Number of protein chains: 2
Amino acid sequence: MAQTPLAQDEFRPASTAGEARRLQILDIAARHFRTRGYAAVSMRDIATEAGMRTPSLYYHFPSKDDLVIAVMDRGIAVVRETVAAALDALPPDAGAKPRLVTALRAHLHALHSLSDYTSANVRIFGQLPEALRRANLPERRAYQAIWSELLAPTCAAEQSRLPERVAIFIGAMNATLEWVDPARTDLEALADHLAQVLLDRLLEDVGA
Amino acid sequence: MAQTPLAQDEFRPASTAGEARRLQILDIAARHFRTRGYAAVSMRDIATEAGMRTPSLYYHFPSKDDLVIAVMDRGIAVVRETVAAALDALPPDAGAKPRLVTALRAHLHALHSLSDYTSANVRIFGQLPEALRRANLPERRAYQAIWSELLAPTCAAEQSRLPERVAIFIGAMNATLEWVDPARTDLEALADHLAQVLLDRLLEDVGA
DNA sequence: TAATTATTCTACCTATCGTTAGATAGATTT
DNA sequence: AAATCTATCTAACGATAGGTAGAATAATTA
């Protein structure tokens, strides 16, 4: 009992060999969930790709539920930290619009090219049984808080519309997962286009 | 061989008793797929709710694939016809913006309160194996064509961006499925809010 | 070296999945 | 009345799912 198990920092990766194995399994699971959905991915699939037999997986994660929850929570943590870091890098006097554009870019980056966790989260959230969805809600609310602050200046008149507006923005960004081919799309251009649609006026009042 | 089997009109519902049964099964399937996802709904679930044993289902649909494809295609057909009808009801000289707002309202209506088919389609499309997704693509493209026409005036400068803009709009509308509680949300207000975000300028250039 | 812990293994369980075979009852047609 | 068609049934198949028991190996510590 010599070793004091120091409180694990969520994002200091792989301090021990066991931790590295756990992260490797999570990586594999996230990639499979992202591309094939929740129910279609079996514990056998994940174990095989990790080079082990199925029951060995249960040494690292006590159930499929625990495994998927770990992927889901990490998915939100990744995008939240990515966006927060990008905002922190801005000059402190940056206005509402550059802050929004910066956050939008960071979100798309986390979603499309940083890892499989955030995309897996967005893809399979709606497929999960309600108990698993509820487990991910605290993380999600913490992330929404960032966007509430960012979008508050666009809702000056009616703050009651703010939660709905947050949902519209996050929904529109996440929807790009459904149709963007990450290999063939310029993410910078996509971010600019989304910012234009969401923040600028699209139509001069030509017609009636 | 007396009866000439006249070509079935896709949308004349329930001319025969057999057709009615088939539509009832489709209704049940759509509702279950919408709320619980594709893989989580078994043929047994659908059969039980239809008041029959599982194999009897196979008299009406030769496989789960056929059943889900029927639901998916009908889902797009419903929203396409709803939007087309709403646009046809406008005066012929209506401008781009009222046409967009009208289409947006009709789309949200089909998605949230008209039936379970369109919402089922949006919910489970990403969960389907690729072959089933491909089967639904012709319907989807036909629907996208409507929005291409609607959005072309907003893309006058760069028509090359039009397909991406269509995807952004449809994606933003469909994303409301993830967070809107249809019982407690005023769809009219939601449509206005979405139109405001997507079509009007949100920010005066206050900041940098 | 001996004891202990960490990790993976083989073998198997029960439940559920989509689907098929083949019989049957009622309705319709010849 | 005989034959056929419609719609459902009972019974079961092979495949695969998540998960467990308990032995065996590899690494670490006493």
Side-chain angles (χ1 to χ4, degrees), chain A residues 1-6 8 14-29 32-33 36-72 124 127-132 135, chain B residues 1-6 8 14-29 32-33 36-72 124 127-132 135:
Chain A
M1 60 175 46
Q3 185 156 345
T4 309
L6 73 142
Q8 285 288 355
S15 49
T16 75
E19 273 296 303
R21 193 69 157 139
R22 193 187 143 94
L23 283 179
Q24 182 207 359
I25 293 170
L26 280 175
D27 281 351
I28 294 168
H32 275 93
F33 285 142
R36 294 166 49 216
Y38 165 66
V41 176
S42 69
M43 295 295 267
R44 281 164 175 80
D45 294 333
I46 298 168
T48 299
E49 186 153 336
M52 57 174 68
R53 305 302 179 118
T54 316
S56 307
L57 213 49
Y58 287 81
Y59 174 80
H60 301 277
F61 296 91
S63 71
K64 190 183 182 183
D65 285 3
D66 288 86
L67 177 54
V68 76
I69 285 175
V71 170
M72 295 296 284
I124 73 177
Q127 308 176 25
L128 299 181
E130 210 234 327
L132 298 184
Chain B
M1 71 197 11
Q3 186 155 345
T4 308
L6 74 144
Q8 286 287 354
S15 48
T16 75
E19 274 296 302
R21 194 69 158 138
R22 192 188 145 93
L23 282 179
Q24 182 206 1
I25 293 169
L26 281 176
D27 281 351
I28 293 168
H32 275 92
F33 286 142
R36 294 165 50 214
Y38 166 65
V41 176
S42 69
M43 296 296 267
R44 282 165 177 81
D45 294 333
I46 298 168
T48 299
E49 187 152 336
M52 56 174 67
R53 304 303 179 116
T54 317
S56 306
L57 216 47
Y58 286 80
Y59 175 80
H60 301 276
F61 295 92
S63 72
K64 189 182 182 183
D65 284 2
D66 288 86
L67 177 53
V68 76
I69 285 175
V71 169
M72 295 295 286
I124 73 178
Q127 308 175 24
L128 299 182
E130 209 233 328
L132 297 184

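Every heavy atom of this structure was used, including side-chain atoms; hydrogens, water molecules and symmetry mates were not. Protein chains get the first letters and strands the later ones, always in sequence-line order, with residue 1 at the start of each. Every value quoted in this text rests on a predicted model; they were computed, and no experiment measured them.
- Shown here for B:V41 and B:K64, the closest heavy-atom pair between the two residues is O-NZ, 2.8 Å.
- Note: A:I28 CD1 to A:L23 CG = 11.0 Å, rounded to the nearest 0.5 Å.
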Which atoms of nucleotides 15-19 of chain D (N or O only) lie under 3.5 Å from a protein N or O atom, and what are those distances?
unit_1 : atom_1 : unit_2 : atom_2 : d
D:dG18 : OP1    : A:K64  : NZ     : 2.9
D:dG18 : OP2    : A:M43  : N      : 3.0
D:dG18 : N7     : A:R44  : NH1    : 2.8
D:dG18 : O6     : A:R44  : NH2    : 3.0
D:dG19 : OP2    : A:Y58  : OH     : 3.1
D:dG19 : OP2    : A:K64  : N      : 2.9

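- In this structure, CG on B:L67 lies 8.5 Å from CZ on B:R22, to the nearest 0.5 angstrom.
- Taking atom CE of B:M52 as the reference point, atom P of D:dT10 lies 13 Å away to the nearest angstrom.
- Contact annotation: B:Y59 reaches the phosphate of D:dA7 (side-chain N/O to OP1 or OP2, under 4.0 Å).
- Between the CZ atom of A:R21 and the CG atom of A:L57 there is a distance of 9.0 Å, given to the nearest 0.5 Å.
- At C:dT7, none of the side-chain N or O atoms of A:S56 fall inside 4.0 Å of OP1 or OP2 (strictly under the cut-off).
- With sequence neighbours left out, A:T48 forms a side chain to side chain donor-acceptor pair (under 3.5 Å) with no residue at all.
- Taking atom CZ on B:R53 and atom P on C:dG18, their separation rounds to 17 Å, with Å as the unit.
- Here B:R21 reaches the OP1 or OP2 of D:dT8: one of its side-chain N or O atoms lies under 4.0 Å away.
- Judged as a salt bridge (charged side-chain N to carboxylate O under 4.0 Å, His left out), and not counting sequence neighbours, B:D66 has no contacts.
- A close approach under 4.0 Å does not occur between any side-chain nitrogen or oxygen of A:H60 and OP1 or OP2 of C:dA6.
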